[in-house]
Novice: 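Please see the structure below; I have some questions.
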Amino acid sequence: MDIVILAVVIAVVVLGALGGLIVGSRRKKQLPPPPPAAPDITAPPAEPHVGDEAETPREEPRRTIEEVDLPDGSAPVVVEEPPTEAPEIEIPEPTAGRLVRLRARLSRSQNALGQGLLTLLSREHLDEDTWEEIEDTLLTADVGVQPTQELVERLRERVKVLGTRTPEELRTLLREEMITLVGRDMDRTVKTEPEDRKPGIVLVVGVNGTGKTTTTGKLARVLVADGQSVVLGAADTFRAAAADQLQTWGERVGAYTVRGPEGGDPASVAFDAVKEGKEMGANVVLIDTAGRLHTKTGLMDELGKVKRVVEKHAPVDEVLLVLDATTGQNGLVQARVFAEVVDITGIVLTKLDGTAKGGIVVAVQRELGVPVKLVGLGEGADDLAPFEPEAFVDALIGE
């Protein structure tokens with residue numbers, strides 16, 4: 001029995017020894033690689049010494065409290081904001097005689113109408129063919145059939161009575177007859193100063209593309225140049241940027257602009273503009289109306305509504321129809337339609353400098369029975385001129 005116990009003990013010891021050898025060999029195989037060489041570390045700066053080891057302090061310049069600028073606290077620091085610059089107000093040039101100064105702009109019409117007629121009338125023999133050419137020249141210049149027949153008939157009579165036909169006599173003859181045809185005695189004053197009230201009310205109508213909004217802005221400059229204060233009504237609410245365009249024109253001459261939301265009711269804007277003009281004591285309210293609509297409501301119905309709503313304040317003093325002179329006889333169709341809805345009191349012809357059809361002045365006056373009151377002769381801000389028959393005819397036939 002003792003032998004058996006001894007054998008078991010020896011076996012346990014032998015197994016323990018073998019297990020230790022195996023574990024030891026495994027640890028030797030998994031030893032980590034040798035550590036890298038220690039990096040060079042710069043020693044930190046030495047700490048300041050104290051006591052007997054302290055260094056002798058160095059002399060440094062110092063300021064006393066009297067030498068230091070301190071805030072006295074008497075007033076708070078104010079940060080000034082840059083001033084907001086108000087738009088510079090322009091001073092338009094005087095309107096008196098403006099058409100005379102702009103006569104050179106009608107040079108294209110001179111060649112086609114006035115100079116053409118003078119050349120034909122200067123022929124040695126004025127036969128029927130020549131008179132037909134004179135008629136054709138007048139019709140081509142959009143004078144119109146009836147006015148052309150009247151002018152040719154008068155010219156034939158006067159040339160026959162005149163006998164001799166020197167260039168100077170022909171020019172004088174043609175000038176007199178054309179001034180009569182254009183209309184010397186028509187009242188071309190823009191009615192903006194009613195006697196019994198303020199402000200005067202002016203509606204500006206016409207299709208888009210004729211320069212209606214630009215003309216309204218230029219007309220504001222004409223009125224300001226004549227010493228009147230102006231309020232602008234941006235009632236063309238259906239054309240993108242029309243209100244911005246009109247407001248820019250107004251700011252340049254110090255005119256206040258009343259506007260509404262895009263696509264809003266034009267009559268409401270017109271009503272508010274007249275109300276504002278009354279409160280401000282302005283001399284004139286200019287209302288730029290829509291030239292087209294994006295709704296099912298007819299343009300003409302809307303214009304009629306604008307006029308009726310405005311007249312709840314006061315009667316409308318002027319209704320100016322803006323026509324593009326380059327459209328010629330086609331512009332007369334527009335004129336007829338507008339005249340059926342609102343009582344047109346005056347015509348504004350734009351782009352007259354860009355057409356050889358100066359006779360449209362005569363034709364549109366005959367068609368509507370109202371005078372041309374203003375003409376546009378360029379793209380400049382002061383190129384809108386009160387119409388003067390004598391200066392206009394002089395520009396057509398030259399000196």
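If you read the sequence from its start, that first residue is 1, and numbering goes on from there.
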Novice: Side-chain contact test, heavy atoms from C-beta onward, threshold under 4.5 Å: evaluate it for Thr166 versus Arg171 and give yes or no.
Specialist: no
Novice: Which heavy atom of Val258 sits nearest to which heavy atom of Val269, and what is that distance?
Specialist: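 It is O-CG1, 3.7 Å.
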Novice: Check whether Ile134 and Val393 end up in the same hydrophobic cluster, where Ile, Leu, Val, Met, Phe, Trp and Tyr are linked by side-chain heavy atoms less than 4.5 Å apart.
Specialist: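 Yes.
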Novice: Decide salt bridge (Lys or Arg N to Asp or Glu O under 4.0 Å) for Glu340 and Arg336; before the verdict, give the C-alpha distance in whole Å, the side-chain angles of both, and the deciding distance to 0.1 Å.
Specialist: CA-CA 6 Å; Glu340 292 173 359; Arg336 295 187 197 104; over 6 Å; no
Novice: Would Leu352 and Ile360 count as a side chain to side chain contact (heavy atoms under 4.5 Å, CB included) here? Give the steps.
Specialist: CA-CA 9 Å; Leu352 193 60; Ile360 189 65; 4.3 Å; yes
Novice: Phe392 versus Val375: any side-chain heavy-atom pair under 4.5 Å?
Specialist: no
Novice: Using 4.0 Å as the upper bound for N to carboxylate O, is an ion pair formed by Arg184 and Glu390?
Specialist: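 A salt bridge is present here (some side-chain N lies under 4.0 Å from a carboxylate O).
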Novice: Output yes when a side-chain donor or acceptor of Thr327 lies under 3.5 Å from a complementary backbone atom of Asp324, and no otherwise.
Specialist: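 Yes; judged by distance alone, with no hydrogens or angles, the pair exists.
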Novice: Is the backbone of Pro199 close enough, under 3.5 Å, to the side chain of Arg197 for a donor and an acceptor to pair up by distance?
Specialist: yes
Novice: Is there a side chain to side chain contact (heavy atoms under 4.5 Å, CB included) between Glu302 and Asp265 once you walk through the steps?
Specialist: CA-CA 9 Å; Glu302 189 65 40; Asp265 182 14; 3.5 Å; yes
Novice: Same hydrophobic cluster for Val231 and Leu223, using side-chain heavy-atom links shorter than 4.5 Å among ILVMFWY?
Specialist: no
Novice: Is it true that Glu128 and Arg156 have a side-chain N and a carboxylate O under 4.0 angstrom from each other?
Specialist: yes
Novice: Examine Val159 and Leu151 and state if one hydrophobic cluster contains both, with Ile, Leu, Val, Met, Phe, Trp and Tyr joined whenever side-chain heavy atoms are less than 4.5 Å apart.
Specialist: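 Yes, it is one cluster - the side chains of Val159 and Leu151 are joined through contacts under 4.5 Å.
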Novice: Would Ile347 and Gln365 count as a side chain to side chain contact (heavy atoms under 4.5 Å, CB included) if you check the C-alpha gap in whole Å, the side-chain angles of each, and the deciding distance to 0.1 Å?
Specialist: CA-CA 8 Å; Ile347 306 296; Gln365 289 183 156; 5.8 Å; no
Novice: Looking only at side-chain N and O atoms, does Arg239 offer a donor or acceptor that is under 3.5 Å from a partner on Thr213?
Specialist: yes
Novice: Hey, could you give me the CD/CG distance between Glu169 and Leu121, rounded to the nearest 0.5 Å?
Specialist: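 Separation between the atoms: 12.5 Å.
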Novice: Quick check: do Val152 and Trp131 have side-chain heavy atoms less than 4.5 Å from each other?
Specialist: yes
Novice: Is there a donor-acceptor contact under 3.5 Å from the side chain of Thr214 to the main chain of Gly211?
Specialist: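 Not confirmed, Thr214 side chain does not pair with Gly211 backbone.
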Novice: Could you tell me whether the side chain of Phe338 reaches within less than 4.5 Å of the side chain of Leu368, counting heavy atoms only?
Specialist: no
Novice: Just how far is it from atom OG1 of Thr172 to atom CD1 of Ile397, taken to the nearest 0.5 Å?
Specialist: 8.0 Å
Novice: Taking atom CD of Gln149 and atom CD of Glu153, what is their separation to the nearest 0.5 Å?
Specialist: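 Reported to 0.5 Å precision, the distance equals 9.5 Å.
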Novice: Would you confirm whether Thr289, through its side chain, and Val204, through its main-chain N or O, come within 3.5 Å as a donor-acceptor pair?
Specialist: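 Answer holds: yes.
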Novice: May I ask whether Leu323 and Val205 are part of the same hydrophobic cluster, defined by side-chain heavy atoms of I, L, V, M, F, W, Y residues being less than 4.5 angstrom apart, directly or through others?
Specialist: yes
Novice: Do Leu155 and Glu177 come close enough that some side-chain heavy atom pair is under 4.5 Å?
Specialist: yes
Novice: Verify whether one side chain among Asn283 and Ser229 offers a donor that lies under 3.5 Å from an acceptor in the other.
Specialist: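 Yes.
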Novice: Test side chain to side chain contact (heavy atoms under 4.5 Å, CB included) on Leu181 and Arg366; report intermediate values, then the result.
Specialist: CA-CA 10 Å; Leu181 192 66; Arg366 287 294 185 94; 4.0 Å; yes
Novice: Distance-only, no hydrogens or angles: does the Thr257 side chain make a donor-acceptor pair with backbone N or O of Leu232 under 3.5 Å?
Specialist: no
Novice: Applying side-chain hydrogen bond (donor to acceptor under 3.5 Å, both in side chains) between Thr345 and each of Lys373, Glu318, Lys191, report the one that passes.
Specialist: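 Single pass found, and it is Glu318.
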Novice: Are any of the side-chain nitrogens in Asp383 or Lys218 under 4.0 Å away from the carboxylate oxygens of its partner?
Specialist: no
Novice: Give the minimum heavy-atom separation between Val362 and Pro147, together with the two atoms involved.
Specialist: CG1-CB, 3.7 Å
Novice: How about CD on Glu379, more than 12 heavy atoms from neighbouring residues, nucleotides or ligands closer than 6.0 Å, or not?
Specialist: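 Result for CD/Glu379: open.
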Novice: Between Pro389 and Arg188, is any pair of side-chain heavy atoms under 4.5 Å apart?
Specialist: yes
Novice: For the residue pair Arg259 and Ala234, what are the closest heavy atoms and their distance?
Specialist: CB-CB, 4.1 Å
Novice: For Val202, which of Leu286, Ile287, Asp288, Val319 qualifies under side chain to side chain contact (heavy atoms under 4.5 Å, CB included)?
Specialist: Leu286
Novice: Once you round to the nearest 0.5 Å, how far does CG of Leu396 lie from CD of Gln115?
Specialist: 9.5 Å
Novice: Which heavy atom of Val364 sits nearest to which heavy atom of Leu332, and what is that distance?
Specialist: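 Looking at all heavy atoms of both residues, the shortest contact is CA-CD2, 3.6 Å.
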Novice: If you take all heavy atoms of Leu138 and Thr148, which pair is closest and at what distance?
Specialist: CB-OG1, 3.5 Å
Novice: Nearest 0.5 angstrom please: Thr192 OG1 to Asp226 CG, how far?
Specialist: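 Spacing of OG1 (Thr192) from CG (Asp226) equals 8.0 Å.
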Novice: For Gly263 versus Phe238, what's the shortest heavy-atom pair and its separation?
Specialist: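 For Gly263 versus Phe238, the nearest heavy atoms are O-CE2, 3.8 Å.
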Novice: Check the surroundings of atom CD in Gln146: do more than 12 heavy atoms from other residues, nucleotides or ligands lie under 6.0 Å from it?
Specialist: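 Count not over threshold, so no.
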Novice: Starting from Ile201, can I reach Val190 by hopping between I/L/V/M/F/W/Y residues whose side chains sit under 4.5 Å apart?
Specialist: no
Novice: For the CZ atom of Arg175 and the CG atom of Leu173, what is their distance to the nearest 0.5 Å?
Specialist: 12.0 Å
